[in-house]
Amino acid sequence: MMLNWARAALARLDAHDEAALVTVLATEGSAPREAGTKMVVWRGGQAGTIGGGNLEYRVADQARRMLDGSQAHFAIQDYPLGPLLAQCCGGRVRLFLERLNDNSRGWLTEAARRMDAAQPFEVRTRFDPGALGKTIAPILATQAETPAVTLAGAPASARGARPALGDELVERADAPRPPLLLFGAGHVGQAIARAFEPLPFRLSWYDSRPETAQIPSVTVLEPAEMAAKAMGATPDTYGLVLTHDHALDYALVSAGLAGGGFGYFGVIGSKTKRARFMSRLRDDGFSQAVLTRLTCPIGLPGLKSKAPEVIAVSVAADLLMRQEAARVRNDESSQT
């Protein structure tokens, strides 16, 4: 799954190790990461990235110095990427560094829980005298034009006014993670699961063979139960069928198409397998309009390798591009 920064921070606190949370508040021009990106830093390491390079090196060093004796509990830091850090991006970023300790457990736990459940939320930070007031609030409605970070009700700026006492900083964590149903835990399925682990999808992974229960994250179901999962998929779901058995593949494909869900539905196979499946599906009464919803072979057409790891990268790239295209369409439709 994508980095759950709150859970990463809680892990450090559980290890009796103070940590610092780094947040990109705003960017200007070309910058390595967007507003809202977070990174957890502790004395012996870090989780996440704000873009790498000299910027990340400097910021991680600053965060560790904050932990190693500074009395400051937060800092707002501006970085012009070109002249100061010799990074070719040439833009500008404003960062928010804050110390985390046992007093942070309450809001971190709530943020971690909401991220685990893919529930949109806001992190609200109030700049009170001598302290930061932190709360987590649910987002009940997502608006395409809402900035990722606002300060005192206005979009955060890489050059604008810094927080004053009484100001509230609001960070939205509402990026959708569509469901991905993965049927099959063979070599290709395992490679795909590994490839998707850090990507913005909510993976549910199924196999019918009892021996696959030992693979972390795999749920073993009867074939009929797997077919029910495929038939019950929602329209925003991505589906991949690559089991050990062509007959099971066909049953899952048939169930998925009959259910009418899946924004993307793919089955691994050659052109020959595709032709056989299409012929049988037509014989079973599926219309051509329904059959166009099935993708086979899966992945990028220009990558022909059959190595599981290459297939996994190819499929991940394809689904990421489809996800981005859907996001652009949704943004455009919300503006008309």
Side-chain angles (χ1 to χ4, degrees), residues 1-10 12-13 19-28 31-41 46-51 55-56 59 62-63 66 72-79 91-101 103-128 131-177 200 327 331:
M1 65 182 68
M2 295 184 71
L3 173 70
N4 186 324
W5 51 264
R7 201 158 293 292
L10 286 168
R12 302 321 308 169
L13 298 182
L21 182 63
V22 180
T23 302
V24 178
L25 291 187
T27 66
E28 180 182 287
R33 295 297 301 270
E34 63 277 3
T37 300
K38 292 183 180 291
M39 176 175 73
V40 179
V41 179
Q46 68 182 63
T49 177
I50 57 170
L55 169 66
E56 185 165 301
V59 173
Q62 181 181 356
M66 176 184 286
H73 55 281
F74 78 92
I76 305 291
Q77 185 70 51
D78 294 341
Y79 283 95
R92 184 182 183 91
V93 298
R94 173 166 288 181
L95 302 176
F96 177 34
L97 293 78
E98 54 187 310
R99 296 180 73 151
L100 303 174
N101 52 38
N103 294 329
S104 310
R105 284 185 177 275
W107 70 270
L108 285 172
T109 299
E110 179 63 12
R113 183 188 70 79
R114 289 186 174 275
M115 279 187 277
D116 285 342
Q119 296 174 344
F121 65 95
E122 293 178 342
V123 181
R124 298 178 179 176
T125 304
R126 185 174 179 84
F127 292 85
D128 296 325
L132 296 175
K134 306 285 293 194
T135 57
I136 302 296
I139 295 176
L140 302 180
T142 300
Q143 300 176 0
E145 295 302 310
T146 302
V149 183
T150 60
L151 175 64
S157 168
R159 293 180 184 267
R162 291 167 174 250
L165 286 178
D167 281 349
E168 186 175 57
L169 181 74
V170 178
E171 308 162 52
R172 295 176 64 92
D174 59 352
R177 290 194 297 137
R327 184 194 66 78
D331 287 350

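A quick note: this is a predicted structure, and the numbers were derived from the prediction, not measured.
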Considering all heavy atoms, the nearest [X]-[Y] contact:
X	Y	value
Met66	Phe74	CE-C, 3.9 Å
Ala173	Ile139	N-CD1, 4.3 Å
Ala20	Ala63	CB-CB, 3.9 Å
Trp107	Ile136	O-CG1, 3.4 Å

Taking the side chain as every heavy atom from C-beta outward, state whether [X] and [Y] have any atom pair closer than 4.5 Å.
X	Y	value
Val170	Val123	no
Arg7	Asp116	yes
Arg99	Leu21	no
Val22	Phe96	no
Lys134	Arg126	no
Leu55	Leu95	yes

TODO: Could you list the residues that satisfy side chain to side chain contact (heavy atoms under 4.5 Å, CB included) with Ala6, not counting sequence neighbours?
DONE: Asn4, Leu108, Ala111, Ala112, Met115
Task: Set of side chain to side chain contact (heavy atoms under 4.5 Å, CB included) partners for Asn101, sequence neighbours left out - done: Glu18, Asn103, Ser104
Taking only residues two or more places apart in sequence, or in another chain, which ones meet [X] in a salt bridge (charged side-chain N to carboxylate O under 4.0 Å, His left out)?
X	result
Asp167	none
Arg33	none
Glu110	Arg113, Arg114
Arg124	Glu122

- [ ] Kindly assign one of parallel, tilted or perpendicular to the pair Phe121 and Trp5, based on the angle between their ring planes and the thresholds 30° and 60°.
- [x] tilted
- [ ] Return yes if some donor-acceptor pair links the side-chain N/O of Glu56 with the main-chain N/O of Ile50 below 3.5 Å, else return no.
- [x] yes
Mind checking what makes side chain to side chain donor-acceptor pair (under 3.5 Å) contact with [X], not counting sequence neighbours?
X	value
Arg105	Asp14, Asp102
Thr37	none
Gln77	Gln62
Thr23	Lys38

Open item on the list: Rounded to the nearest 0.5 Å, what separates atom OG1 in Thr150 from atom CD in Glu171?
Closed with: 9.0 Å
Would you give me the side-chain donor-acceptor pairs under 3.5 Å for residues 156-164, sequence neighbours excluded?
from: Ser157; atom 1: OG; to: Arg159; atom 2: N; distance (Å): 3.1
from: Ser157; atom 1: OG; to: Gly160; atom 2: N; distance (Å): 3.0
from: Arg159; atom 1: NE; to: Glu28; atom 2: OE1; distance (Å): 3.0
from: Arg159; atom 1: NE; to: Glu28; atom 2: OE2; distance (Å): 2.7
from: Arg159; atom 1: NH2; to: Glu28; atom 2: OE2; distance (Å): 3.1
from: Arg162; atom 1: NH1; to: Ile76; atom 2: O; distance (Å): 2.7
from: Arg162; atom 1: NH2; to: Asp78; atom 2: OD2; distance (Å): 3.3

